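Structure first, then comments.
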Amino acid sequence: MPELPEVETTRRGLEPHLLERRIHGVILRRPDLRWPIPPEVERELPGQRIEAIRRRAKYLLLDTSAGSALLHLGMSGSLRVLPGDTPVRAHDHVDISLEDGRVLRFNDPRRFGCLLWQPAGETHELLRELGPEPLGEQFDGDYLFARSRGRSVPIKSFLMDQRIVVGVGNIYAAESLFMAGINPLREAGKVSRARYQRLADAVKDILGHAITRGGTTLRDFISPDGVPGYFEQELLVYGREGEACKQCGRVLRHASIGQRATVWCGHCQR
């Protein structure tokens, strides 16, 4: 599933093509993706100018004065800005056409993505309970330490809880815990404030670097310009079970935490 760096890469790729553009129309080739597409999308978007392209967690929002189109890429979705006469392929489920003749095309083979509507001045229910952004000022070691007190869940599960912090999925949680030297099985409530600061710094460093590298291409992710992400080439633990740790040379361990595959170094992570 595309994680925060992939979604932010998509946002940055779309922004110069969509910002301040006026929407001409909406073509829905099916009435639903993961959930039914609200009628407001077809009714409210045409004629609106796109005032901002924002990311909240792993969601993208196209803001207009009437409200926002709320998009999630799901497991395999992609967004491309194309000439209006580009032939439609299988799984091209939605076109948002622009007045300059181009279209924003949403392709989603598995249909785990979504296209929903957020009225102006409101916050969609999917966004209401989300934690802070990991690249923002609110997210630091003190915040993590305070939220973790009394928590017995593994720290990897704690870090991936979207109510604690958004957008840190399996790949980047594993890599951040390795950088911070923390065993992913350790109870969240037993990690010190100083180690949480190292973890918060690691999350910011890992996500920031992944964004500059265009995200991680593991299965389906391709950026809006068709270029794959390259952070996969720099992964230190994720997906490397049974291989040698690049830091100490010992064999990496693996287990399932919260039904997610987890790899770590038993020597470098305590």
Side-chain angles (χ1 to χ4, degrees), residues 1-30 33 37-38 40-109 111-118 120 124 127 133 135 167 207-217 220-231:
M1 178 180 291
E3 297 192 23
L4 186 151
E6 289 77 48
V7 180
E8 179 61 20
T9 297
T10 298
R11 188 199 70 78
R12 294 183 182 188
L14 294 175
E15 188 172 54
H17 300 285
L18 299 182
L19 190 61
E20 301 297 333
R21 300 295 195 275
R22 195 167 296 279
I23 295 170
H24 177 263
V26 177
I27 299 173
L28 304 180
R29 298 188 179 90
R30 57 175 304 115
L33 293 171
I37 299 173
E40 290 89 343
V41 171
E42 283 185 292
R43 186 175 68 235
E44 301 291 343
L45 276 182
Q48 294 294 319
R49 181 173 55 85
I50 299 174
E51 299 174 349
I53 300 95
R54 292 186 293 129
R55 179 191 55 76
R56 178 67 172 115
K58 300 177 186 179
Y59 295 92
L60 286 171
L61 294 101
L62 306 183
D63 292 338
T64 74
S65 61
S68 303
L70 178 68
L71 298 121
H72 194 288
L73 299 178
M75 296 290 290
S76 59
S78 65
L79 291 164
R80 305 283 297 279
V81 178
L82 302 167
D85 59 356
T86 302
V88 175
R89 302 175 300 164
H91 315 301
D92 283 345
H93 301 309
V94 178
D95 278 359
I96 297 176
S97 62
L98 308 175
E99 283 194 339
D100 64 6
R102 295 178 300 164
V103 297
L104 174 64
R105 182 161 291 172
F106 190 4
N107 180 283
D108 187 5
R111 300 205 312 274
F112 287 142
C114 70
L115 172 56
L116 302 172
W117 181 253
Q118 176 178 278
H124 195 279
L127 308 182
E133 292 285 335
L135 299 177
L207 291 177
H209 182 60
I211 290 170
T212 67
R213 300 290 281 156
T216 304
T217 299
D220 302 296
F221 171 71
I222 296 290
S223 65
D225 59 2
V227 177
Y230 290 101
F231 189 71

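The model shown is predicted, which means the values in this text are computed figures rather than measured ones.
Taking the six-membered ring for Trp and the full ring otherwise, Tyr59 and His72 have centroids separated by under 6.0 Å.
For the pair His93 and Leu33, the minimum side-chain heavy-atom distance is below 4.5 Å. Side-chain contact check for Leu79 versus Leu60: some heavy-atom pair is nearer than 4.5 Å. Here the side chains of Ile53 and Arg12 are not in contact, with every heavy-atom distance at 4.5 Å or above. For the pair Leu18/Val81, a side-chain contact is recorded, criterion being any heavy-atom separation below 4.5 Å from C-beta on. At a threshold of 4.5 Å between non-hydrogen side-chain atoms, the residues Leu61 and Leu127 count as touching. Contact check for Leu62 versus Leu14: no side-chain heavy atoms found under the 4.5 Å cut-off.
Summarising the geometry of Pro46 relative to Glu42, their closest heavy-atom pair is CD-O, 3.1 Å, with the distance given to 0.1 Å. For the pair Leu135 and Gly208, the tightest heavy-atom approach, listed with the atom from each and the gap, is CD2-N, 4.4 Å. Closest non-hydrogen pair, Leu115 versus Ala69, comes out as CD1-CB, 4.1 Å. Contact record, Val103 with Pro83: CG2-O, 4.2 Å, taken as the closest heavy-atom pair.
Remark: the backbone N or O of Gly25 is paired with a side-chain donor or acceptor of Ser97 at under 3.5 angstrom. Judged by distance alone, with hydrogens and angles left aside, the side-chain atoms of Thr64 form a donor-acceptor pair with the main-chain N or O of Ala66 at under 3.5 Å. Side-chain atoms of Thr86 do not come within 3.5 Å of backbone N or O of Leu82 as any donor-acceptor pair. For Arg22 (side chain) and Glu99 (main-chain N/O), no donor-acceptor pair under 3.5 Å exists by modelled atom type. The closest donor-acceptor contact from the side chain of Asp85 to the backbone of Gly101 lies at 3.5 Å or more, if one exists at all.
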* Yes or no on side-chain contact (heavy atoms from CB on, under 4.5 Å) for Ile23 and Ile96, after CA distance, side-chain angles and deciding distance? -> CA-CA 7 Å; Ile23 295 170; Ile96 297 176; 3.8 Å; yes

* Criterion side-chain contact (heavy atoms from CB on, under 4.5 Å) on Trp117 and Leu45, from CA distance to verdict -> CA-CA 10 Å; Trp117 181 253; Leu45 276 182; 3.7 Å; yes

* To do: Determine, step by step, whether Leu98 and Leu104 satisfy the side-chain contact (heavy atoms from CB on, under 4.5 Å) criterion, reporting the C-alpha distance in whole Å, the side-chain angles of both residues, the deciding distance to 0.1 Å, and the verdict.
  => CA-CA 8 Å; Leu98 308 175; Leu104 174 64; 5.7 Å; no

* To do: Could you walk me through whether Leu73 and Phe106 pass the side-chain contact (heavy atoms from CB on, under 4.5 Å) test, one step at a time?
  => CA-CA 9 Å; Leu73 299 178; Phe106 190 4; 4.2 Å; yes

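Summarising the geometry, atom CE belonging to Met75 is positioned 10.5 Å from atom CG belonging to Asp108; distances are rounded to the nearest 0.5 Å. Atom OG of residue Ser65 and atom CD1 of residue Ile50 lie 11.5 Å apart, to the nearest 0.5 angstrom. To the nearest 0.5 Å, atoms CZ (Arg11) and CD1 (Ile211) are separated by 9.0 Å. Distance check, rounded to the nearest 0.5 Å: CD of Glu40 to CG of Leu116 gives 10.0 Å. Distance check: Asn107 CG to Asp92 CG gives 4.5 Å after rounding to the nearest 0.5 Å.
Summarising the local packing, NE2 of His124 is surrounded by more than 12 heavy atoms from other residues, nucleotides or ligands at distances under 6.0 Å.
Considering Arg102, Arg105, Arg30, Arg80 in turn, Arg105 is the only one that fulfils the salt bridge (Lys or Arg N to Asp or Glu O under 4.0 Å) rule with Asp95. With Asp63 as reference, Arg54 is the one residue of Gln118, Gln48, Arg49, Arg54 to meet the side-chain hydrogen bond (donor to acceptor under 3.5 Å, both in side chains) rule. Of the residues Glu15, Glu133, Glu3, the one that meets the salt bridge (Lys or Arg N to Asp or Glu O under 4.0 Å) test with Arg55 is Glu133.
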